[in-house]
Amino acid sequence: MTPEELNDIGAQIILSNTYHLYLRPGENIVKEAGGLHEFMNWDKPILTDCGGFQVFSLSELRTITEDGVEFRSHLDGSKHFFTPEKVMQIEEDLGADIIMSFDECCPYPSTYEYTKNSMERTTRWAIRCKNSHKNIEKQALFGIIQGGFYKDLRKQSVEDLVKLDFPGYAVGGISVGEPKEEFLDILRYTTPLMPENKPRYLMGVGTPDYLIEAALAGIDMCDCVLPTRIARNGTAMTWRGKVVVRNATYERDFTPLDPECDCYACKNYTRAYIRHLIKANEILGTRLLSIHNLYFLTKLMERVRIEIENDNLLNFKEEFYKKYGYTKE
RNA sequence: GGGCAAGUGGUCGAGUGGUUAAUGGCACCAGACUGUAAAUCUGGCCGUGAGAGCGUACGAUGGUUCGAAUCCAUCCUUGCCCA
């Protein structure tokens, strides 16, 4: 995607990743370029995730100690040690507007004992992040709440982090493969414990239903790879549900991805053509689907904001679920 | 007309007497995907059947053999070379 395309879609903020940018091209290069905004020509807000998710997703390539995490690079196997202080240095060099404190995202399921130790360590790391964070004026450092799927641990995590008075807080460690009921249970328990006057950020979500549930629970912001990943794999999210445009059934479907959508892809191209592009492995196919999916989610959240103002979000959710094809909560 | 080489499942291509309904790749058909090790991964892919199975199948026909995609003969087709 180009910044112009993201602007046209209505994106207000984008996310970059500390671990990946540290490995390639290296935060020193980004710093030399004048920071991420300059480097990639995006002048709106940027948030950098801290590498805590990679502690989870690259679990076979890392070792956790009290001091930090040693990663073996997924690119070349070289060893790299991430401490909270190191992560702050990298994130300051990258120069995002919102930066995340270094955490551990626990796998699902994890034992109570493991989750407790991990959560407490994440809190200690949050303290270290706060203490070593220098560029306070230009970068807002958010704390990440952990505690897995144990409510008392979630409560403890919120209380400990709130004492540190971060400018924003994130819910981490959910949407890691658990059943939806457990996701909702922890989301609805944790979010109301978080300060109302500061951004509440749910990390790694997601699907339209999860986003609506997040808003209902009191979440202000989310991030997710899903819209672009499923785009690359040939799927569109539409107001009438998922459309796997890669499938043969759309071979001769000369209608837009979503008849209710007015994004660039829907205004100009048909399902049959986009299917052809995807099947032919043409980059334009994945680009058009990405444009559409990002636009769809942007519009969905715009609608959610309107319904919140109208105090009508619950009704909207029901309507949306019915049309999208979700059968239950 | 003569010489040489080759014909395998949608396709390319392994396989040179028996664990062969036949390795792989591609194509095709589905599924998965939630703080990006992902333009990735998983499954299916001769017919029929829920299944064991049955029926067909390695250019064609005939043969050798307990057993043939694999060996032999003839024929057909294709490519290259010579006239």
Side-chain angles (χ1 to χ4, degrees), chain A residues 1 13-24 46-62 71-78 80 87 91 96 98-108 122 142-146 168-180 182-184 186-187 199-214 219 221-237 242 244-251 274-290 293-294 297:
Chain A
M1 313 300 298
I13 180 170
I14 61 177
L15 179 146
S16 295
N17 181 278
T18 296
Y19 168 85
H20 290 291
L21 290 173
Y22 159 85
L23 285 181
R24 192 169 54 191
I46 299 173
L47 178 152
T48 40
D49 187 28
C50 58
F53 185 73
Q54 281 63 47
V55 177
F56 161 78
S57 64
L58 301 177
S59 62
E60 278 163 34
L61 298 171
R62 56 56 173 171
F71 287 100
R72 271 187 298 119
S73 162
H74 69 287
L75 298 174
D76 63 8
S78 56
H80 305 271
V87 167
E91 294 200 81
I98 298 172
I99 64 177
M100 303 306 297
S101 66
F102 194 40
D103 71 330
E104 183 199 352
C105 176
C106 287
Y108 175 87
T122 286
F142 283 21
I144 303 177
I145 294 153
Q146 289 293 345
Y169 298 92
V171 181
I174 54 175
S175 196
V176 286
E178 72 283 0
K180 189 175 177 183
E182 293 200 48
F183 165 81
L184 289 176
I186 292 300
L187 173 72
R200 295 154 152 178
Y201 166 28
L202 173 61
M203 308 185 81
V205 166
T207 51
D209 57 331
Y210 274 42
L211 289 168
I212 293 171
E213 295 295 354
I219 290 293
M221 50 192 281
C222 293
D223 77 283
C224 200
V225 305
L226 196 67
T228 49
R229 180 175 291 171
I230 66 172
R232 272 178 261 122
N233 297 331
T235 300
M237 294 185 270
K242 257 185 7 180
V244 185
V245 76
R246 166 172 44 80
N247 286 358
T249 178
Y250 302 109
E251 190 175 20
I274 292 170
R275 172 181 138 87
H276 158 66
L277 291 173
I278 291 288
K279 298 292 289 181
N281 216 9
E282 276 291 340
I283 196 85
L284 181 59
T286 70
R287 276 173 39 68
L288 291 173
L289 278 171
S290 293
N293 284 344
L294 292 172
L297 288 183

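A note on names: the letters A, B, ... follow the listed sequences, proteins ahead of strands, and every chain is numbered from 1.
Within the 4.5 Å cutoff, side-chain heavy atoms of I144(A) are placed close to those of M203(A). Between E282(A) and R287(A) the shortest side-chain heavy-atom distance does not fall below 4.5 Å.
Going from the C1' atom of G67(B) to that of G18(B) covers 6 Å, rounded to whole Å. If you take atom C1' in G59(B) and the same atom in C66(B), they sit 28 Å apart, rounded to whole Å. Between G31(B) and A68(B), the distance separating the two P atoms is 43 Å to the nearest Å. To the nearest whole angstrom, the two P atoms, one in C54(B) and one in A21(B), are 11 Å apart. Here the separation of U56(B) from U64(B), taken at their C1' atoms, is 24 Å to the nearest Å. Look at the C1' atom in both U61(B) and U77(B): the space between them is 15 Å, to the nearest Å. Here the separation of C58(B) from C71(B), taken at their P atoms, is 15 Å to the nearest Å. A60(B) and C45(B) are spaced 28 Å apart, taking the C1' atom of each and rounding to whole Å.
Where RNA chain B meets chain A (any atom under 4.0 Å from a heavy atom), the bounding nucleotides read 5' to 3' are C28(B) to U40(B).
Heavy atoms of Q146(A) sit under 4.0 angstrom from at least one base atom. Counting any heavy atom pair closer than 4.0 Å across all strands shown, G173(A) reaches a base atom. Residue contacts for S73(A): at a heavy-atom cut-off of 4.0 Å it reaches no nucleic acid atom on any strand shown. In this structure, T286(A) reaches neither bases nor backbone, as no heavy-atom distance under 4.0 Å exists between it and the strands shown. Across all strands shown, D49(A) has heavy atoms under 4.0 Å from base atoms, whether or not it also approaches the sugar-phosphate. Heavy atoms of I144(A) sit under 4.0 angstrom from at least one base atom.
Paired runs in RNA chain B that reach 3 or more consecutive Watson-Crick or G-U pairs, where each pair keeps both distances under 3.5 Å, cover B:1-7 with B:76-82, B:10-12 with B:24-26, B:28-32 with B:40-44, B:46-48 with B:53-55, B:59-63 with B:71-75.
Looking at residues two or more places apart in sequence or on another chain, you find no side chain to side chain donor-acceptor pair (under 3.5 Å) involving N233(A). H20(A) is linked by a ring pair (Phe, Tyr, Trp, His ring centres under 6.0 Å) to H74(A), counting only residues two or more places apart in sequence or in another chain. In terms of the salt bridge (charged side-chain N to carboxylate O under 4.0 Å, His left out) criterion, R62(A) has no residue partners (sequence neighbours excluded).
A ring-centre distance under 6.0 Å is found for Y19(A) and F71(A).
Counting only N and O atoms by type, the side chains of T249(A) and N247(A) include no donor and acceptor under 3.5 Å apart. There is a side-chain donor-acceptor pair under 3.5 Å between D76(A) and S73(A). For the residue pair Y22(A) and N17(A), no side-chain donor N or O sits within less than 3.5 Å of a side-chain acceptor on the partner.
When each of N281(A) and E104(A) is assigned the nucleotide of RNA chain B with its nearest heavy atom, E104(A) is the one assigned upstream, toward the 5' end. In this structure, V205(A) and N247(A) both approach RNA chain B, and ranking their closest nucleotides by distance from the 5' end singles out N247(A).
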List the atom pairs, donor and acceptor, that lie under 3.5 Å between side-chain atoms in residues 101-108 of chain A and the rest of the protein, sequence neighbours left out.
{"from": "S101(A)", "atom 1": "OG", "to": "F142(A)", "atom 2": "O", "distance (Å)": "3.4"}
{"from": "D103(A)", "atom 1": "OD2", "to": "Q146(A)", "atom 2": "NE2", "distance (Å)": "2.7"}
{"from": "E104(A)", "atom 1": "OE1", "to": "S118(A)", "atom 2": "OG", "distance (Å)": "2.6"}
{"from": "E104(A)", "atom 1": "OE1", "to": "R121(A)", "atom 2": "NH2", "distance (Å)": "3.0"}
{"from": "E104(A)", "atom 1": "OE2", "to": "Y114(A)", "atom 2": "OH", "distance (Å)": "2.6"}
{"from": "Y108(A)", "atom 1": "OH", "to": "E182(A)", "atom 2": "OE2", "distance (Å)": "2.6"}

